[in-house]
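Data first, discussion second: the structure below is written as structure tokens.
First the proteins, then the strands, lettered A, B, ... as listed; each starts at 1. What's counted below: heavy atoms across the whole structure, side chains too, no hydrogens, waters or symmetry copies.
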There are 2 protein chains.
Amino acid sequence: MSRRDEVIDAAERILEAEGFEALTMRRLGAELSMRAPSLYKHVAGKPEVEAALQERALRGIGAALAAAGPTLGDLAAAYRAWSLAHPRLYELSTRRPLQRDCLASGVEAAAAAPLLAAVGGDQAAARALWGLAHGLVDLELAGRFPPDADLSAAWSAAVHAFGGG
Amino acid sequence: MSRRDEVIDAAERILEAEGFEALTMRRLGAELSMRAPSLYKHVAGKPEVEAALQERALRGIGAALAAAGPTLGDLAAAYRAWSLAHPRLYELSTRRPLQRDCLASGVEAAAAAPLLAAVGGDQAAARALWGLAHGLVDLELAGRFPPDADLSAAWSAAVHAFGGG
DNA sequence: ACCTGAACACCGTTCAAGT
DNA sequence: ACCTGAACACCGTTCAAGT
């Protein structure tokens with residue numbers, strides 16, 4: 001494993017274990033037993049670290065969707081489960097623009113493919129479905145639903161609206 | 001207008017005009033011709049400023065939805081239009097937990113009421129609808145859709161799925 | 001009551017210097 | 001090739017001091 005990969009691994013650990021605010025270059029250096037300036041021999045800067053984490057999130061959620069069952073309900077459950085299992089990584093990957101030039105080709109399309117297939121290849125419907133899944137996850141992660149909200153019921157209503165069981 | 005309200009006004013101006021990263025206590029003080037430490041005589045700290053901006057966003061989007069036509073398509077268009085007109089305020093208000101104890105009572109419910117009415121009072125359906133609108137807006141604001149994506153088509157598909165015209 | 005300068009413990013990043 | 005300490009221009013916040 002390259003030293004760069006170790007940096008990204010450490011960043012992911014810190015992000016999920018301690019939150020976004022804890023992911024500083026000094027903290028990241030300490031995790032690898034070096035000083036912050038040394039990190040710049042392995043990555044260009046913090047934006048590159050974040051872009052690499054975005055790519056990991058895209059691969060992770062893509063793999064989770066590809067492994068899910070074929071129904072809309074299965075896909076929705078897989079999307080929600082992955083996001084709740086990697087909440088900070090999910091937020092990091094969706095709340096800023098994709099650095100598409102830093103992204104291995106095909107990763108973005110691969111992540112979207114299972115949703116697209118589930119709606120028969122209709123791009124507009126796939127984007128609506130993505131918006132729905134993302135919106136419900138994002139509001140849940142942000143703590144924007146009332147504490148007593150029945151989110152399972154909301155997901156059921158969502159899947160039902162899109163013609164799922 | 002109280003000095004506190006002037007602080008929140010200035011914060012909103014800076015946020016929308018220069019972005020989230022520009023909203024610092026030093027920049028905010030300069031906008032009001034004072035030093036950053038003086039702000040602490042009017043607000044408890046930056047979190048209070050952000051909570052006040054969250055409340056403004058909630059009132060703004062609630063008013064926009066209340067003024068919109070009755071159909072799902074009208075509501076969706078109003079939601080998207082308000083968000084795109086106040087993108088940083090929208091993001092600030094949805095990406096962190098609501099400080100409900102800092103919020104005037106009824107504001108959260110008032111913002112949700114038009115969506116709830118549009119689905120006949122069904123809470124689960126209203127939350128699914130909110131998730132859908134939020135997800136599409138959030139991904140658009142974050143620059144996560146491909147540059148050539150037809151978002152009008154996605155919104156149409158979304159409204160159609162929920163039984164709207 | 002309101003504002004100030006100085007200070008504290010942080011940031012990301014650069015750079016000359018060491019091995 | 002890899003790491004370091006010192007430094008720069010920033011943060012949010014506290015506090016004693018001024019009017």
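Using a 4.0 Å heavy-atom distance criterion, B/Lys41 is classed as a base contact. Across all strands shown, B/Arg26 has heavy atoms under 4.0 Å from base atoms, whether or not it also approaches the sugar-phosphate. Across all strands, A/Thr24 comes closer than 4.0 Å only to sugar-phosphate atoms, never to a base (heavy-atom distances).
Ring pair A/His160/B/Phe162: centre-to-centre distance not below 6.0 Å.
In this structure, C/dT13 and D/dA7 make a Watson-Crick or G-U wobble pair, each of the two defining distances being under 3.5 angstrom. C/dT19: Watson-Crick or G-U partner is D/dA1, with both key distances under 3.5 Å.
Nearest approach of A/Ala142 to A/Glu91, heavy atoms of both residues: N-OE2, 4.4 Å.
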Going through the checks in order, is the side-chain hydrogen bond (donor to acceptor under 3.5 Å, both in side chains) test met by B/Tyr79 and B/Trp130? CA-CA 9 Å; B/Tyr79 195 99; B/Trp130 184 29; 3.0 Å; yes
Before giving the answer on side chain to side chain contact (heavy atoms under 4.5 Å, CB included), spell out for B/Leu53 and B/Leu23 the whole-Å C-alpha distance, their side-chain angles and the decisive distance to 0.1 Å. CA-CA 12 Å; B/Leu53 291 176; B/Leu23 184 53; 4.1 Å; yes
Audit row: B/Thr71, B/Val159, side chain to side chain contact (heavy atoms under 4.5 Å, CB included) steps and yes/no: CA-CA 10 Å; B/Thr71 73; B/Val159 169; over 6 Å; no
Are B/Val137 and B/Trp155 close enough, and set up right, to give a side chain to side chain contact (heavy atoms under 4.5 Å, CB included), and what steps lead you there? CA-CA 10 Å; B/Val137 160; B/Trp155 278 89; 3.7 Å; yes
Verdict with reasoning, A/Leu139 to B/Arg127, per side chain to side chain contact (heavy atoms under 4.5 Å, CB included): CA-CA 10 Å; A/Leu139 292 170; B/Arg127 288 186 179 126; over 6 Å; no
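Scanning DNA chain C 5' to 3' for nucleotides with an atom closer than 4.0 angstrom to a non-hydrogen atom of chain B gives a first and last hit of C/dC3 to C/dA7.
DNA chain C is contacted by both A/Leu23 and A/Ser38; A/Leu23 maps to the nucleotide lying nearer its 5′ end (nearest heavy atom per residue). Take the nearest nucleotide of DNA chain C for A/Ala36 and for B/Pro37: the residue whose nucleotide is more 5' is B/Pro37.
Less than 4.0 Å separates DNA chain C from no heavy atom of any residue of residues 89-102 of chain B.
Going from atom OG of B/Ser38 over to atom CG of B/Leu32 covers 10.0 Å, rounded to the nearest 0.5 Å.
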